[in-house]
Number of protein chains: 2
Amino acid sequence: MTTRQNVLHDLIQQISQGTYAKGTLLPGENELADRYGTSRNTIRKVLSDLVQRGLIQKINGKGSMVIEQQQFVFPLSNIVSYKEIVAEQHLDNETQLVSLTEKKLPVAVFNELDADLQSVDVHAMVSVHLVNAKPVIIDHEYVFTSVVPTLSQHVAEDSVYEYFEDELGLKIAYARKEISAEYASAEDQQLLGLTPQQMVVVVKSVTYLEDTTPFECTESRHRADMFKFRDFARRL
Amino acid sequence: MTTRQNVLHDLIQQISQGTYAKGTLLPGENELADRYGTSRNTIRKVLSDLVQRGLIQKINGKGSMVIEQQQFVFPLSNIVSYKEIVAEQHLDNETQLVSLTEKKLPVAVFNELDADLQSVDVHAMVSVHLVNAKPVIIDHEYVFTSVVPTLSQHVAEDSVYEYFEDELGLKIAYARKEISAEYASAEDQQLLGLTPQQMVVVVKSVTYLEDTTPFECTESRHRADMFKFRDFARRL
DNA sequence: CAGTGGTCTAGACCACCAC
DNA sequence: TGGTGGTCTAGACCACTGG
């Protein structure tokens, strides 16, 4: 059966491949409905999805214009610095797990993001991201044990999100983030090789599941000269 | 006639007023459809709008839970620092127009945000935001003269966006933003009272109209200790 | 004028959740 | 089991754009 997800993925692929190039118009909604054998409403839902992703812009009376071909890599944390800069500039990169322990969530740190957070048991991971053998990010990650009972060192060293979504079937829905700048802490100075006068960019986040349960908090501290964040926002 | 916008504004208001409090469920979709005398599809469109805004989260089989009561003030530039911090902490604030001239757009500055930008004529505004008489932000704003022919000093000192939307009828659709950190430039040092060793947080943006025309670029440079950015992101 | 997107309806069937 | 949201349809009318 041709369903919404199929049409969506197909259009995304065609846009990223340039079949529908940036600056051109997609086929009309009726045309698409015919092609995919669905109703126009279904097509409209798909297009509204593409609008949300920042790939197209609808223009009344004209059509749907492609305004961006790239898919954002990180839906929840569009930090360009690490993955993208590394990929774009062909740099070596590595992640080192510093520690993995059980703690209470340091609630105060995330107060401004979610005042309702309770002090709960968490897996506390600290890791360092290296680019060209130079440490650029310190990651503090707190995963709620009530949602993720066990977190092995092996998993922590790999992609944690794949484990959450694919293995555990967690459905991640949304996140709140905050970006600010601070002078380097003692730990920053030690792990990133900074002086007390230098600054780090701090990204805090709280991530929630579909049932609105928070399940993970992160605090990542970036070398200021290696930080870049991109965003796409629509007028509401 | 009861239309989508009416229902939307009504629900937003009821949420912000606490009629539907954070952590509670909205009435069901059928219930809402009955109450407002619309079809369920219309209600669903409205709810999906609230989801986008980060006000509710839909939970299958249960209902639509309110997860946030506040409306974000700045749909396009959620910089908490200036307006919100000022409001929250009851600080004095003031904006000073430094200069208003006609130039060519410094394309290179915005290259990474939009590679297709052309060098065009712009109104170049420089302004400084003061909090408690202390300068905290330098704003460089470039407004395309092709879209906004005239920009008086009087308007520039007031709210520029109101002028664009209400007076000129411009329909602002979306924006691309980038946040990074740099050492203070000569101008930063002078206007913000910084030393060359101190850093500023730089926010660049390009704003587009509904017909995908870019019409404004901004570069705002923030004292690092007064910068804070909040974001709400959904899993795509 | 014909084509495009914007809005809306009335009804259908499904998966999920709670009792 | 009954209520909730998720998906989809077929058709209607409107406002806007372009030639």
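Basis for what follows: all heavy atoms, side chains included, without hydrogens, waters or symmetry-related copies.
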Quick one: look up who D:dA15 pairs with, Watson-Crick or G-U, both distances under 3.5 Å, and put none if it's unpaired.
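Per the H-bond distance test, C:dT4.
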
Classify the angle between the aromatic ring planes of B:H140 and B:Y142 as parallel (below 30°), tilted (30 to 60°) or perpendicular (above 60°).
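Geometry flag for B:Y142 against B:H140: parallel rings.
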
Over 60° means perpendicular and under 30° means parallel, so classify the ring planes of B:F229 and B:F227, tilted if in between.
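Geometry flag for B:F229 against B:F227: parallel rings.
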
Measure the distance from [atom1] on [X] to [atom2] on [N] and round it to the nearest whole Å.
X	N	atom1	atom2	value
A:N30	C:dG3	CG	P	10 Å
B:R44	C:dG11	CZ	P	18 Å
A:E29	D:dG11	CD	P	17 Å
A:N41	C:dG11	CG	C1'	13 Å
B:L47	D:dT4	CG	P	13 Å
B:E31	D:dG3	CD	C1'	12 Å
A:Q5	D:dT7	CD	P	8 Å
A:D34	C:dT4	CG	P	11 Å

For A:R4, which contact category applies under a 4.0 Å heavy-atom criterion: base, sugar-phosphate, or nothing?
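Sugar-phosphate contact only.
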
What's B:I59 touching, base or sugar-phosphate or nothing? Going by heavy atoms closer than 4.0 Å.
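The answer is sugar-phosphate, as B:I59 gets under 4.0 Å only of primed atoms, P, OP1 or OP2.
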
5'-most by nearest nucleotide on DNA chain D - A:S39 or B:L26:
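With A:S39 and B:L26 compared, the 5'-side residue is B:L26.
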
Starting at the 5' end of DNA chain D, which residue's closest nucleotide do you reach first, A:G61 or A:R40?
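Nearest nucleotide further toward 5': that of A:R40.
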
Pair A:E68-B:Y174, side-chain donor/acceptor within less than 3.5 Å:
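No, because no side-chain N or O of A:E68 sits under 3.5 Å from a partner of the opposite role on B:Y174.
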
State, without any angle test, whether B:N6 and B:Y36 hold a side-chain donor-acceptor pair at a distance under 3.5 Å.
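Checked: B:N6/B:Y36 side chains show no N/O donor-acceptor pair below 3.5 Å.
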
Counting only side-chain nitrogens and oxygens, does A:T3 get under 4.0 Å of the OP1 or OP2 atom of D:dC8?
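It does, given that an N or O in the side chain of A:T3 lies less than 4.0 Å from OP1 or OP2 of D:dC8.
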
Options [options], nucleotide nearest the side-chain atoms of [X]:
X	options	result
A:K62	D:dT17, D:dT7, C:dT7	D:dT17
B:T42	C:dC8, D:dC16, D:dC8	C:dC8
A:N60	C:dG5, C:dT7, C:dA15	C:dG5

Closest-nucleotide mapping onto DNA chain C: is A:K58 or A:K171 further toward the 5' terminus? I mean the 5' end.
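Residue closer to the 5' terminus by nearest nucleotide: A:K58.
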
Residue whose closest nucleotide on DNA chain C lies nearer the 5' end, A:S64 versus B:T38
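In this pair, the answer is A:S64.
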
Salt bridge present between A:K45 and A:D49 (N-O < 4.0 angstrom)
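Looking at A:D49 together with A:K45, the answer is no, because their closest N to O distance does not fall below 4.0 Å.
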
